[in-house]
Structure formats: C-alpha cells, structure tokens
Amino acid sequence: MLVRDAMTTVVLTIGPTHTLRQAARLMSARRIGAAVVHDPDTCGLGIITERDILDAVGSGLDPDRETASAHTTTDVVFAAPAWTLEEAAEAMTHGGFRHLIVLDGDGPVGVVSVRDIIRCWAPARRRQPAAAAG
C-alpha cells in the first residue's frame with residue numbers, strides 16, 4: 001500500500017503569525033494532529049504538531065502570544081505519494097516523529113500520520129492467517 005492510499009488529503013495550512021491558540025483551535029476543529037506552516041517570506045514549509053503546542057503550553061508559555069513560527073519544525077522530512085507505507089513508517093521511526101507532509105511537485109497534497117498507517121495495516125493484519133504454534 002502507498003502513502004497516497006493512506007494520507008489525509010485535506011491539509012490545514014496556517015501562517016507563521018498564527019498564535020498557538022489559533023493553531024490549536026483549527027487543528028481541534030478538524031480533529032487532526034498537525035498543521036503545515038507556510039512562511040511566504042522564506043517560501044518554506046514547516047509543520048507544527050499537537051505535541052509542539054502541548055510542550056509550549058506545558059512549559060508555561062502563553063498560547064495567545066506565542067506564534068506558530070516559534071514552534072514550527074522547519075527541518076522537515078517530506079514523503080512522496082508513491083512511497084510505500086513501509087518507507088513512511090521507516091522515515092517516522094528514524095526521525096522520531098508521527099507526521100509527514102506529502103509533497104507532489106511544488107506543494108503539499110496531504111499529510112500521513114502513524115494513525116493513518118495503522119488504519120491501513122490493521123485490516124490487512126486481521127486477514128492474515130495466524131501462525132501455527134509450534
């Protein structure tokens with residue numbers, strides 16, 4: 001199975017000046033764990049996750065004053081739609097993160113998460129015959 005089969009295609013994109021509260025509100029409304037941060041001044045893409053927001057708020061930072069840019073991961077590993085789910089899972093495991101922005105051409109076309117991969121693998125796992133004990 002490929003990343004294109006598992007990814008979420010509705011990508012929440014926010015700007016670097018969004019506050020953490022605004023980012024959290026938008027992510028919560030869509031029930032997603034990450035947003036793509038597009039900075040038009042740098043032409044770069046980054047990602048902010050629920051964990052980034054939780055870490056900031058947990059350390060006492062004000063979510064109404066802190067901006068997404070201060071908590072965005074900019075050293076991003078991108079996936080391609082044609083990657084296998086194994087390749088995506090390996091990149092996530094190696095990098096220690098749970099979301100990959102999926103790029104096709106110049107822009108993001110989706111986000112794939114660990115949850116997305118598990119959703120695809122779990123039904124396939126149930127269909128496999130149990131290994132013989134022995």
Side-chain angles (χ1 to χ4, degrees):
M1 189 166 277
L2 302 177
V3 166
R4 75 169 50 92
D5 303 318
M7 69 184 189
T8 302
T9 57
V10 178
V11 179
L12 172 61
T13 303
I14 64 172
T17 60
H18 277 78
T19 66
L20 293 185
R21 183 175 311 278
Q22 290 169 324
R25 187 175 291 128
L26 292 167
M27 290 164 58
S28 178
R30 289 164 179 79
R31 301 188 52 76
I32 57 174
V36 173
V37 180
H38 177 253
D39 188 342
D41 293 335
T42 65
C43 295
L45 293 176
I47 191 166
I48 188 165
T49 67
E50 58 200 353
R51 170 101 15 116
D52 297 324
I53 295 169
L54 183 65
D55 288 346
V57 172
S59 66
L61 299 175
D62 183 348
D64 292 312
R65 292 182 187 259
E66 290 293 312
T67 61
S69 65
H71 302 278
T72 297
T73 299
T74 55
D75 184 20
V76 180
V77 174
F78 298 101
W83 277 18
T84 65
L85 294 185
E86 289 81 5
E87 289 173 303
E90 184 177 318
M92 290 177 185
T93 301
H94 179 73
F97 40 81
R98 299 178 293 154
H99 299 86
L100 290 170
I101 299 171
V102 183
L103 290 183
D104 193 11
D106 292 336
V109 294
V111 174
V112 66
S113 70
V114 170
R115 181 176 291 163
D116 296 327
I117 293 171
I118 291 170
R119 251 187 232 127
C120 290
W121 282 348
R125 186 102 164 124
R126 283 193 296 265
R127 289 191 299 267
Q128 292 178 353

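Every value quoted in this text rests on a predicted model; they were computed, and no experiment measured them.
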Answer yes if [X] and [Y] sit in the same cluster of Ile, Leu, Val, Met, Phe, Trp and Tyr residues linked by side chain heavy atoms under 4.5 Å apart, and no otherwise.
| X | Y | value |
| --- | --- | --- |
| Leu12 | Val102 | no |
| Met27 | Val37 | yes |
| Val109 | Ile117 | yes |
| Leu20 | Ile32 | yes |

So salt bridge (charged side-chain N to carboxylate O under 4.0 Å, His left out) across residues 61-74, not counting sequence neighbours, yields Arg21-Asp64, Asp62-Arg65

Margin query: Less than 4.5 Å apart, side chain to side chain, heavy atoms only: is that true for Pro108 and Leu103?
Written below: yes

Would you check if the side chain of Asp5 reaches a backbone N or O of Leu2 as a donor-acceptor pair within less than 3.5 Å?
-> yes

Salt bridge (Lys or Arg N to Asp or Glu O under 4.0 Å) filter on Glu50, not counting sequence neighbours, yields Arg98

Those residues at least two apart in sequence (or on a different chain) that pass salt bridge (Lys or Arg N to Asp or Glu O under 4.0 Å) with Arg51 are none

Fill in: Glu90, CD: over 12 other non-hydrogen atoms inside 6.0 angstrom
no

side-chain contact (heavy atoms from CB on, under 4.5 Å) filter on Ala34, not counting sequence neighbours, yields Ile47, Thr49, His99

> Distance only, no hydrogens: is a donor on one side chain within 3.5 Å (strictly under) of an acceptor on the other, for Thr67 and Ser69?
Replying inline: yes

**OP:** Start with the C-alpha distance between Trp83 and Val112, add both sets of side-chain angles, then the distance that settles side-chain contact (heavy atoms from CB on, under 4.5 Å), and finish with yes or no.
**Re:** CA-CA 11 Å; Trp83 277 18; Val112 66; over 6 Å; no

Using a 4.5 Å side-chain heavy-atom cut-off and chaining through intermediate ILVMFWY residues, the residues clustered with Val10 come out as none

Cluster membership besides Leu54, Ile/Leu/Val/Met/Phe/Trp/Tyr side chains within less than 4.5 angstrom, sorted by chain and number, is none

In this structure, CG of Leu61 is separated from CD1 of Ile53 (nearest 0.5 Å) by 12.0 Å

